[in-house]
Amino acid sequence: VYFIPGGLDCSISFVSHVLGKVCVHGWQKEILGVLVPRLTELTKSDCIWQRICWQLVECVPDRWMEAVVLGFVQRAPGADVLSRLLGNLVVKNKKAQFVVAQKMLLLQYGHTTAVLQNLLGYLSLDSVRRTLLLRVLQELLETWSSSSAVKHSPAEQQLYISKAILICLSHLKESEIASCRQELLTSMMEGVKCHLESSLPQLRRLGMVVAESISLTINTEGPVLKFEYEEDDETRELKSLLVQTPSFYVVPSLPDDDRSEKAGAALPLVPESNEKSYTAAPLMPDEESDAELDSDDDLIPYDMSEDKELKIKAPMYIRDCIEVLTGSRSEDVDKWEATVKALESLVRRNPAATREVSVELAKILLHLEEKTCIEGFVELRQRAQVAVLTTDPIPVAKYLTSQFYSLNYSLRQRMDILDVLVLAAQELSCPKFHGKTKHSGVQKPCIQLLPGSDSSKGWRRIVDERIKSKTRRFDTGQSHVELASRPNEFNSVAGYFFFPLIQHFDRPLTTFDLLGEDHLVLGRLVHTLAVLMYLAVNTVAVTAMGKALLEFVWALRFHTDSYVRQGLLSCISSLLLSVPAERILVDMTEELLETQSWLGDVMEKDPDGDCRRLALQNLLLMENLKKKLEAVPS
Amino acid sequence: MALPPPDPLFVLRGTSAAVHTLHFSCGGPEPDIPLLFSGSENGLIHVWNLKTHRVDTALDGHGRKSVYCVETMGGKDRLLSQGRDQRICLWDLAEGRTSVTDSVFTEHVGFCRCSLLKVAQGRWLMAMAARSLEEVQILELPSKTSVCTLKPEVGAKLGMPMCLKLWQLSCGSQPVLLAGYEDGSVVLWNVSTGKALSRLVCHQEPVMSLDFDSEKAKGISGSSEKVLSIWSLNEQQNLQVYKTHQLVNAGISDITIRPDKKILATAGWDHRIRIFGWKKLKPLAVLDYHTATVHCVSFSDHSSPRDRLLAAGSKDQRISVWSIYAQT
């Protein structure tokens with residue numbers, strides 16, 4: 001389609017019609033694949049072609065406008081190109097405005113970052129369109145800071161909106177920032193609150209990164225908001241979106257010659273501040289020119305064989321340890337440190353002595369605070385607690401589970417109790433772990449803000465891998481061949497670990513309300529129960545546990561927190577794997593059928609991707625169960 | 001066969017508080033009594049008579065706050081002490097007096113000991129850590145006028161100054177300051193211009209103490225880690241690392257080089273005093289007497305080499321006095 005430039009007034013509306021119709025019928029890629037590069041070429045310097053292009057898109061009928069605009073935004077190699085091709089279409093045409101400002105940003109979330117950059121860059125390049133940019137930013141911030149959106153929208157959508165916000169912020173000019181500073185601040189405060197309350201670590205991190213970026217934008221001098229979180233690819237990518245310069249954009253694929261060099265350069269990341277390094281290379285002591293060797297040889301050294309490393313001796317007896325740990329003498333900090341480090345091995349080596357004082361020791365450890373700065377204090381304490389619990393399971397488990405529901409414990413302590421129970425259960429049930437506690441589930445102490453559902457991921461991984469190896473397990477018996485078989489120590493104590501935890505979950509205390517605000521702890525509790533259930537395979541109590549667990553899950557199945565729902569679905573998985581198939585069918589038939597229909601519901605309608613996946617796995621497990629029972633000749 | 005390490009010559013007890021600083025004044029001619037000044041955590045400065053091994057006087061001028069630096073200014077009649085009450089006091093001790101003649105309010109809440117340098121008869125320069133976190137102030141005494149303030153450049157992130165040493169190559173030349181900072185670096189400052197001449201990062205942890213030999217242009221610094229760092233100053237006034245020495249146990253509170261520059265002593269957190277040869281840092285002795293961390297070591301300024309002593313003050317409230325390598 002070539003027109004003769006030269007002042008002739010041509011109507012190209014039929015071309016627009018053709019374009020629109022083709023796009024709507026799904027041939028967007030093909031036609032725009034040819035059209036866009038050609039137009040890019042032509043409009044580079046020629047104003048007339050630009051105007052022609054603008055007319056072209058403006059004349060597309062409204063019913064096809066969306067497909068065309070979408071296609072252009074996706075295919076344009078850069079925001080400035082998009083600006084040349086579309087001109088002020090979004091301002092002039094209502095449908096285009098809706099597509100660009102609302103649909104692509106708020107209602108859809110599948111577009112790539114490059115597309116977002118193009119879109120928002122395009123909005124920022126013209127003063128007329130900038131008002132639209134500000135409005136878009138406001139709406140994005142509203143969504144970002146609304147607590148219902150944070151709770152119910154999928155993580156991918158939230159990531160998309162966060163990216164859009166960051167890109168908008170990077171385009172704002174000083175004057176604009178000054179004018180909307182107050183709104184930015186308000187939305188940031190609200191949004192950060194909702195995000196930090198979420199149980200999923202990814203959402204919390206997203207919230208933190210965006211809040212930091214907003215704070216950075218509105219306070220360029222003075223203290224800015226700074227959170228502590230683990231950097232990973234996602235956070236780095238998000239942060240890099242904030243600092244790009246307006247004229248260069250990420251180009252998905254650009255045949256253009258001179259711009260390709262600039263575009264080929266990666267997004268300009270925050271420049272590392274050049275620290276002048278003052279460390280000079282060490283000078284080798286010049287041996288040869290040192291002529292005066294004599295005067296030092298006059299000085300005869302004394303015997304220094306006694307000079308050894310200073311070691312503070314740790315106490316040798318458990319009762320001494322108790323004395324040191326409960327003593328209030330502040331001078332003996334060295335001894336206290338040595339005791340904390342030595343406690344686990346002492347407990348394991350003296351089981352009889354430990355059993356005499358087990359509950360007292362458990363109490364001390366639960367309340368033990370870090371007196372001095374020891375590396376790995378949290379881990380040392382946890383290992384000691386696990387050691388005490390495995391040495392004398394019943395009384396200590398009774399104590400710990402009762403404390404879980406008592407007043408005046410911090411959330412941190414309650415979650416510690418859960419972790420310790422799980423680790424000890426793991427040790428008791430699997431002879432492989434005897435003597436060495438597995439650390440994959442232990443969270444790192446440095447992350448204060450994230451109580452870490454990372455440990456739950458460890459359990460989920462175990463459950464998942466069990467599901468995968470499941471068929472093998474049923475067919476060939478125990479797939480893990482234990483070299484030395486020992487009686488399953490968890491058998492006698494499983495009930496003591498499990499039932500007290502389930503008992504009081506619906507009774508709120510003044511400081512602790514599992515069904516209310518403390519849904520994070522509820523999530524952890526549910527995951528813990530799933531693991532305990534899983535580890536109870538081959539124990540006598542497993543059926544009773546299964547029934548109780550099923551009732552528990554049923555009561556909570558519509559919980560709003562996705563972390564809790566994930567936990568509930570893991571409970572079902574554990575149940576299906578641990579309770580012998582015959583017992584499931586005989587004792588829990590009705591409940592099982594109800595659960596099946598619930599799982600089907602979750603699989604289709606739950607907003608969280610992980611929940612849907614887990615529901616699907618559970619349904620598969622149930623199918624396999626049925627098949628297996630049908631296969632066994634009765 | 002190496003001899004076992006010697007025992008202390010004698011031990012001074014009676015401070016009833018941890019000893020943080022020591023200073024000898026034994027250079028006077030006979031019949032002057034050799035004295036040892038000690039500053040303790042209870043705010044008292046004890047003047048020990050080294051003939052009778054008893055306390056002659058106890059000076060109370062810091063309001064019961066710990067005294068962490070004592071120095072004499074040209075003889076035992078004038079004393080300077082620095083305490084945790086944020087003050088530096090100047091004492092007049094002649095003829096049995098025990099009065100504070102002057103004091104400087106430093107507003108410094110850390111533990112950085114001040115450093116004195118005599119520049120002319122009756123005039124001293126004193127370097128001390130000031131109120132602002134990273135700065136060092138140089139005052140002229142006794143007039144208490146400020147000579148300059150040494151501020152590190154913005155973004156240098158040195159942290160607090162931990163230890164200072166003022167020196168000049170010879171009488172009349174430019175005074176310079178060596179300062180060890182919290183980030184583990186040692187900076188050489190020109191006092192007249194107030195500019196930093198060189199900076200060397202010698203430790204990963206704060207520099208706890210340093211000492212410098214102006215004749216050989218070599219210095220040594222100790223920190224809370226297990227390494228002693230020896231560095232040298234070349235003609236361009238640049239600091240370079242000369243060598244490092246690994247210790248058995250971490251933590252050094254004080255280092256001092258004997259006035260004849262033959263040996264040096266370190267006070268360790270592992271309750272031990274270590275003696276090294278200065279030339280090549282050859283370990284010579286480990287003196288293991290104290291039962292708590294040793295806070296300070298000091299060599300005496302006896303005019304006769306045979307009488308030379310080494311004193312160490314520790315948290316166990318005792319001061320041990322040794323005679324070691326006194327014959328050379």
Side-chain angles (χ1 to χ4, degrees), chain A residues 216 220-224 226 270-314 324 329-338 341 371-376, chain B residues 1-6 153 155-157 183-187 196 198-202 226 229-232 234 238-244 247-251 260-263 268-272 274-288 292-293 315 324-325 327-328:
Chain A
L216 197 62
T220 40
E221 73 286 322
V224 292
K226 193 92 187 71
V270 180
E272 301 280 336
S273 54
N274 303 347
E275 306 244 339
K276 278 189 278 180
S277 144
Y278 286 101
T279 329
L283 248 185
M284 282 313 293
D286 218 334
E287 307 271 14
E288 295 88 34
S289 63
D290 203 345
E292 307 175 51
L293 300 157
D294 311 327
S295 28
D296 250 13
D297 289 352
D298 285 0
L299 304 168
I300 307 163
Y302 287 94
D303 176 31
M304 290 181 278
S305 53
E306 292 297 312
D307 187 19
K308 289 190 205 82
E309 265 195 56
L310 205 57
K311 276 201 175 121
I312 309 286
K313 303 205 43 153
V324 173
R329 292 182 54 201
S330 51
E331 278 103 64
D332 262 349
V333 281
D334 289 325
K335 202 149 186 175
W336 185 90
E337 266 189 40
K341 287 187 189 153
K371 232 197 228 179
T372 66
C373 188
I374 311 181
E375 245 182 68
Chain B
M1 236 280 292
L3 295 168
E153 55 186 39
K157 291 227 176 101
D183 71 332
S185 52
V186 173
V187 177
S198 167
R199 174 186 168 192
L200 178 65
V201 180
C202 17
K226 280 191 186 178
S229 177
I230 298 98
W231 25 270
S232 62
N234 63 8
N238 278 336
L239 293 166
Q240 290 160 314
V241 173
Y242 181 69
K243 82 198 249 200
T244 57
L247 298 164
V248 174
N249 291 308
D260 68 348
K261 314 287 195 259
K262 288 236 178 93
I263 61 174
W269 291 0
D270 59 349
H271 324 331
R272 296 175 198 158
R274 288 160 205 281
I275 312 282
F276 296 88
W278 178 221
K279 201 176 291 298
K280 286 186 282 188
L281 212 73
K282 178 162 105 169
L284 292 175
V286 175
L287 307 174
D288 193 6
T293 157
K315 194 171 158 188
I324 191 162
Y325 293 117
Q327 294 77 20
T328 53

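These numbers come from the heavy atoms of this one structure, side chains and all, not from hydrogens, waters or symmetry mates. Labels below follow one simple rule: chain letters A, B, ... track the order of the sequence lines, proteins then strands, and each chain is numbered from 1.
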Engineer: Which atoms of Asp270(B) come close to chain A, meaning under 4.5 Å heavy atom to heavy atom: side chain ones, backbone ones, both, or neither?
Structural biologist: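 Both the backbone and the side chain of Asp270(B) come within 4.5 Å of chain A.
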Engineer: At a 4.5 Å cut-off on heavy atoms, which part of Leu247(B) comes close to chain A: side chain, backbone, both, or neither?
Structural biologist: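 The answer is neither part of Leu247(B).
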Engineer: Non-hydrogen atoms of chain A under 4.5 Å away: do they reach the side chain of Ile230(B), the backbone, both or neither?
Structural biologist: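 Answer is neither: Ile230(B) stays 4.5 Å or more from chain A.
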Engineer: Which pair of heavy atoms, one from Pro301(A) and one from Tyr325(B), lies closest together, and at what distance?
Structural biologist: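 So the two residues come closest at CA-OH, 3.5 Å.
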Engineer: Mind checking side-chain hydrogen bond (donor to acceptor under 3.5 Å, both in side chains) for Asp303(A) and listing every partner two or more places apart, or none if nothing turns up?
Structural biologist: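 Scan of Asp303(A) (side-chain hydrogen bond (donor to acceptor under 3.5 Å, both in side chains), adjacent residues dropped) gives Ser305(A).
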Engineer: So what's closer than 4.5 Å to chain A heavy atoms on Lys226(B): side chain, backbone, both or neither?
Structural biologist: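 Answer is side chain: those atoms of Lys226(B) sit under 4.5 Å from chain A.
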Engineer: Taking all non-hydrogen atoms of both residues, which atom of Ile300(A) and which atom of Leu284(B) are closest, and how far apart?
Structural biologist: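 Taking every non-hydrogen atom into account, C-CD2, 4.4 Å.
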Engineer: Roughly how far, to the nearest 0.5 Å, is CD1 of Ile275(B) from CE of Met304(A)?
Structural biologist: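 Reported to 0.5 Å precision, the distance equals 10.5 Å.
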Engineer: Measure across Pro5(B) and Tyr302(A) and return the closest heavy-atom pair with its distance rounded to 0.1 Å.
Structural biologist: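 So the two residues come closest at CA-CD2, 3.9 Å.
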